[in-house]
Amino acid sequence: MAKLGGRNRGQKIAFTGLQTSYFKRKASLLRHLKKSEIKLTDEIVSDVASESTDNATLESISSQNIPQLWQKFRLSPSKPKAGELFNKLRRSNTKLSQIASMNNSEPQEELKIPGISDVEEAGLKEYYDLIINSAAWQQANMNLKPGDQFYLFWFFCSAFIPLVASCTGPLSNIFSLLAIICPWKVHKFENKDVKDPAWCYAVNSISIVFAIISNFCLILNYRRKIRYTYAQIVSVCGWGIASYILVSLIIVYHYWFYHEGLDEHYTIGEGFWFACVSVVLHFTSHILLMLNELGFLLKKYKPLFNIDKVQETLIIQTVSLSVWLMIGAAIFTRVLKLRLSDSMLYCVTSVTTIGLQDDVSNSNALGQTLTSIWIICGLVMFGLIITSIGKMLFQFSRTTLACHRMEVLRRIVYRAHEFDQSSELSNADSFNLIKKVSKGAFQVQGIIEVTFAIIIFMITLMCGGMALALVEGWSYKFGVYFCFFNLMTLGLSNTPNTPGGKAFFCAWAIAAIPVMTILVSTTSDFVFSKLTQMEQLTFFEIFVEFCLSKKYLRNIGKFLKKKENVYVDMPTLKTMRTRSMFVVDESNNESSGINEEEETYVDKSEEEKIKGGYTLNPNDPICKVPVLCHPADMLYKLIIDGDSHHSYGFVNQQIYVDSAITTIHLANYFREGMHVSIPNDELYVQRLKLGQSLKALDPNFDVDLYIEMFNLYPTDHDSVGVIQDGNCIRTKFKKKHNFVLNQLSRMQLLLIELRKSIMDMCTDPNKKYTYEEWQTLFNLTNRSSSLNDNIFWIRAISPLAVPMQEPKYFTLHYLRHFQEMLEMFALAWDDYDASKSSKPAIIS
């Protein structure tokens with residue numbers, strides 16, 4: 001997005017004739033958003049214009065001043081309705097009381113933490129989307145949105161065409177240079193060089209000049225050293241002129257060669273065929289960049305290459321490899337006594353790991369040394385290019401492609417339920433529905449990936465075999481067989497012998513090996529993911545038992561059973577953990593939060609009546625977060641995420657037990673006096689099984705000590721848990737209903753969930769959370785209103801509408817809310833005056 005006010009960036013905004021700072025602060029915020037590169041849409045401007053305030057209206061601003069002010073501050077409308085929104089902004093009687101003005105230098109009388117307005121929320125959402133979805137910045141550069149018609153095509157034009165051009169451009173220049181150096185005709189009977197006509201060298205040189213200029217402008221465009229529009233014009237026209245000049249030369253030379261009767265003593269040489277390859281590559285770059293320019297002219301995306309900083313280096317890598325190939329060809333021509341075309345063929349087959357070592361004799365020590373050094377450097381360069389291309393395709397598949405496919409399916413589902421009044425879809429049902437949409441999108445995407453990889457592989461194989469059969473005179477079957485073995489990087493003793501075969505094979509090998517690598521990577525990822533899913537299915541256990549029951553399959557069954565003997569039953573542990581988490585029983589809780597007869601648990605001092613005394617509301621969203629009522633229940637998460645642990649002796653250490661007890665009691669402090677319905681006998685059995693699971697993982701684990709340290713017997717006043725007689729929550733803290741402890745309790749609960757999400761982000765970044773875990777997140781971060789919308793999860797604002805790493809999303813939002821809660825708590829306590837009877841507000 002272009003930044004506004006570039007020359008006046010450092011100037012302060014000054015208004016002439018305005019006696020109020022209201023409009024100044026409005027315009028300052030909008031301009032600040034522009035300079036922060038936050039997308040300024042009509043909706044955001046509307047949010048700014050509709051904020052409430054107590055300030056006087058701005059009817060004194062005359063309508064004739066609006067265009068001048070709009071132009072002065074360079075807030076040019078991005079859409080046709082922007083003028084209307086600006087008038088609404090002028091007429092509104094609001095002020096930005098909670099947003100700090102960029103140019104407001106007046107000292108603040110008191111420290112205040114502003115609430116997050118809709119405008120700031122929009123900016124934070126874009127910031128988080130950029131972190132969670134690694135391709136969000138690429139999608140933001142598009143004027144189309146995922147799910148729109150032809151979105152993938154224009155995204156390909158904006159992001160992939162520059163990358164393809166960066167690979168074909170430098171290689172086409174190398175082949176053009178070979179077309180000048182290598183002879184265009186070779187004597188049939190005598191092994192000697194033959195000079196070509198001067199006009200052939202001249203025209204060929206003019207063509208390569210245009211090609212080099214085009215490639216240079218492409219590099220500058222990649223590095224953003226020159227404007228996109230100027231660089232594109234030069235690159236498109238340059239490669240187009242180069243291809244047209246060279247194809248004209250090829251046609252004229254071919255006609256002249258046979259018209260003069262030179263075919264009796266000469267044959268078409270390597271230079272002619274390298275020129276043919278150059279024409280194809282020149283014209284490919286010309287057409288691709290023309291498509292990229294067409295997308296910009298049609299306003300499908302912004303005037304830039306939609307690539308990141310890492311992808312910008314791809315053209316440098318390709319240029320480096322091209323130069324390295326040329327250097328190697330020049331060296332081996334002298335050292336190995338080869339023709340330049342044979343030397344280039346040797347270099348290409350070496351860096352692509354096909355391998356043709358017949359050209360290096362055992363007695364040539366210098367040749368062996370130089371080829372070894374050269375091949376090592378060449379393999380590194382070629383490997384970097386393949387890695388960059390693979391990462392690019394992987395990122396595209398897991399982000400943009402998946403996002404587009406999910407959005408298409410989401411829109412279909414959303415339209416089906418938006419106006420369906422008879423639908424009984426609940427919030428949980430819409431959550432399960434968007435999960436099915438996501439799963440279906442990724443399954444279809446995986447199949448399409450493998451299918452396209454196979455199709456491209458087959459096209460490369462068949463076209464390569466056909467071309468070699470034509471120029472080498474081989475049979476089509478042998479040509480395909482030869483290409484297949486080279487795609488497998490095995491190599492054959494046969495090599496192309498004709499000038500056309502050598503030129504074509506050099507270009508084909510460089511393009512074919514990445515195709516093969518991508519096919520192997522894509523297929524292996526798809527098969528591995530399916531095998532992993534198969535192992536998690538219930539019939540896997542049936543298959544193991546079936547193998548054990550058959551004599552000839554018993555060894556396989558024992559091998560598969562070994563995992564079950566070594567590790568505990570994780571699904572059962574996860575179920576036990578879920579049953580250990582309870583929601584407060586609202587039917588047995590009163591709004592007062594504590595009964596008068598519970599005097600032994602309530603601090604009745606005057607100071608505590610001032611600091612506390614608040615009404616505990618069972619309907620508070622944070623009270624709906626599931627309760628962990630015993631420190632042993634915290635061990636489930638430790639086992640589930642602790643695959644790398646080999647010893648669990650620290651669990652029985654006193655310092656660990658004390659910490660777990662304090663965590664449980666502090667996290668339940670704000671629920672003091674509330675009732676919970678729990679099955680004590682079932683919990684006791686589950687916690688005993690938990691100790692047995694620890695014993696299975698660590699043979700040295702002391703189960704008896706575990707039972708003693710965590711006091712697993714039914715809860716009573718001496719229990720380490722928080723559930724006392726009558727299934728009422730009682731903590732060990734002496735002060736009851738204290739404001740400070742209440743806020744620390746809420747922060748502790750937030751920290752527990754934050755620690756879980758951080759652990760998931762480190763151990764299983766692709767983990768998918770359940771509906772209950774998303775409920776906990778929304779309740780803890782003041783977004784519980786979204787849970788009242790039955791179709792919230794299938795709306796465009798749903799966090800699950802785009803592919804992402806859910807643990808990262810949880811971590812970012814928990815961190816942000818914890819920081820906000822801490823700051824608000826500090827300010828609320830700072831405002832508290834002990835000499836007055838005012839009570840601090842509850843911060844949630």
Side-chain angles (χ1 to χ4, degrees), residues 564-585 625-643 645-669 671-672 674-732 748-749 751-753 755-756 759-760 770 772-773 776:
E564 186 175 341
N565 295 333
V566 175
Y567 296 99
V568 298
D569 188 359
M570 289 299 176
T572 302
L573 272 183
K574 292 179 180 178
T575 303
M576 291 166 57
R577 176 178 176 270
T578 302
R579 292 176 180 174
S580 301
M581 304 176 70
F582 307 94
V583 179
V584 172
D585 187 4
V625 176
V627 179
L628 278 177
C629 56
H630 197 278
D633 298 334
M634 299 179 63
L635 301 179
Y636 289 109
K637 191 68 176 176
L638 177 66
I639 298 178
I640 294 172
D641 296 332
D643 292 339
H645 287 295
H646 57 84
S647 174
Y648 288 88
F650 65 91
V651 170
N652 291 330
Q653 293 182 4
Q654 189 65 45
I655 186 173
Y656 181 87
V657 177
D658 292 343
S659 175
I661 293 174
T662 304
T663 298
I664 288 296
H665 282 260
L666 182 58
N668 286 276
Y669 179 86
R671 295 188 176 103
E672 184 82 29
M674 304 189 80
H675 293 269
V676 179
S677 298
I678 60 172
N680 286 322
D681 294 337
E682 180 182 350
L683 288 179
Y684 175 64
V685 174
Q686 286 188 184
R687 290 162 187 161
L688 286 177
K689 291 183 178 179
L690 178 61
Q692 297 172 359
S693 300
L694 291 169
K695 181 71 174 179
L697 292 172
D698 180 10
N700 297 324
F701 185 78
D702 191 342
V703 179
D704 295 333
L705 181 60
Y706 157 75
I707 295 175
E708 178 183 353
M709 297 296 295
F710 285 88
N711 194 2
L712 299 187
Y713 296 100
T715 56
D716 50 28
H717 287 295
D718 297 329
S719 173
V720 297
V722 297
I723 307 301
Q724 303 297 330
D725 294 337
N727 288 343
C728 188
I729 297 178
R730 298 299 181 194
T731 63
K732 300 295 185 180
Q748 178 70 289
L749 185 60
L751 276 176
I752 292 175
E753 298 299 327
R755 182 173 59 184
K756 294 178 184 177
M759 182 67 69
D760 291 334
T770 63
E772 290 73 18
E773 290 171 319
T776 299

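Just so we're clear, the structure is a prediction, and the values are computed from it rather than from any experiment.
- Between L690 and I639, the closest side-chain pair of non-hydrogen atoms falls below 4.5 Å.
- The minimum heavy-atom distance between Y636 and L573, with the atom names listed, is CD2-O, 3.8 Å.
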>> Run Y706 and L712 through side chain to side chain contact (heavy atoms under 4.5 Å, CB included) and show every step you take.
In response: CA-CA 9 Å; Y706 157 75; L712 299 187; 3.5 Å; yes

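- A heavy-atom distance below 4.5 Å is found between the side chains of F650 and L638.
- Side-chain contact check for P626 versus T776: some heavy-atom pair is nearer than 4.5 Å.
- Once rounded to the nearest 0.5 Å, the distance linking CG of N668 with OG1 of T663 reads 11.0 Å.
- Side-chain contact annotation: Q686 with S580, donor-acceptor N/O pair under 3.5 Å present.
- Between P631 and I661 the shortest heavy-atom distance is CG-CG1, 3.8 Å.
- Among the candidates E672, H665, H630, R671, the single residue satisfying the side-chain contact (heavy atoms from CB on, under 4.5 Å) test with V722 is H665.
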>> One pair to check against side chain to side chain contact (heavy atoms under 4.5 Å, CB included): C629 and V676. What are the steps and the verdict?
In response: CA-CA 10 Å; C629 56; V676 179; over 6 Å; no

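- Rounded to the nearest 0.5 angstrom, L694 CG and S647 OG are separated by 10.5 Å.
- Of all heavy-atom pairs between N727 and S677, the closest is ND2-CA, 4.5 Å.
- Between D760 and K637 there is a salt bridge, since at least one side-chain N of the basic residue sits less than 4.0 Å from a carboxylate O of the acidic one.
- Separation of atoms CD (E753) and CD (Q748) is listed at 11.0 Å; rounding is to 0.5 Å.
- For the pair T770/T578, no side-chain contact is recorded, criterion being any heavy-atom separation below 4.5 Å from C-beta on.
- The shortest side-chain heavy-atom distance between N652 and F701 falls under the 4.5 Å cut-off.
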> When you look at L628 and I664, which way does the side chain to side chain contact (heavy atoms under 4.5 Å, CB included) test go after all the steps?
Replying inline: CA-CA 7 Å; L628 278 177; I664 288 296; 3.9 Å; yes

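- The neighbour count for M581 CE, taken as heavy atoms of other residues, nucleotides or ligands under 6.0 Å away, is above 12.
- Remark: L749 CG to Y669 OH distance equals 15.5 Å, nearest 0.5 Å.
- Between L751 and R755 the shortest side-chain heavy-atom distance does not fall below 4.5 Å.
- Here the closest heavy-atom approach between residue D704 and residue D702 is recorded as N-OD1, 3.2 Å.
- When the shell of 6.0 Å around NZ of K574 is examined, it contains 12 or fewer heavy atoms from other residues, nucleotides or ligands.
- The residue from R577, R579, R687 that alone fulfils the side chain to side chain donor-acceptor pair (under 3.5 Å) condition with D633 is R687.
- The aromatic rings of F710 and Y656 lie perpendicular to each other, with more than 60° between the two planes, well past the 30° mark.
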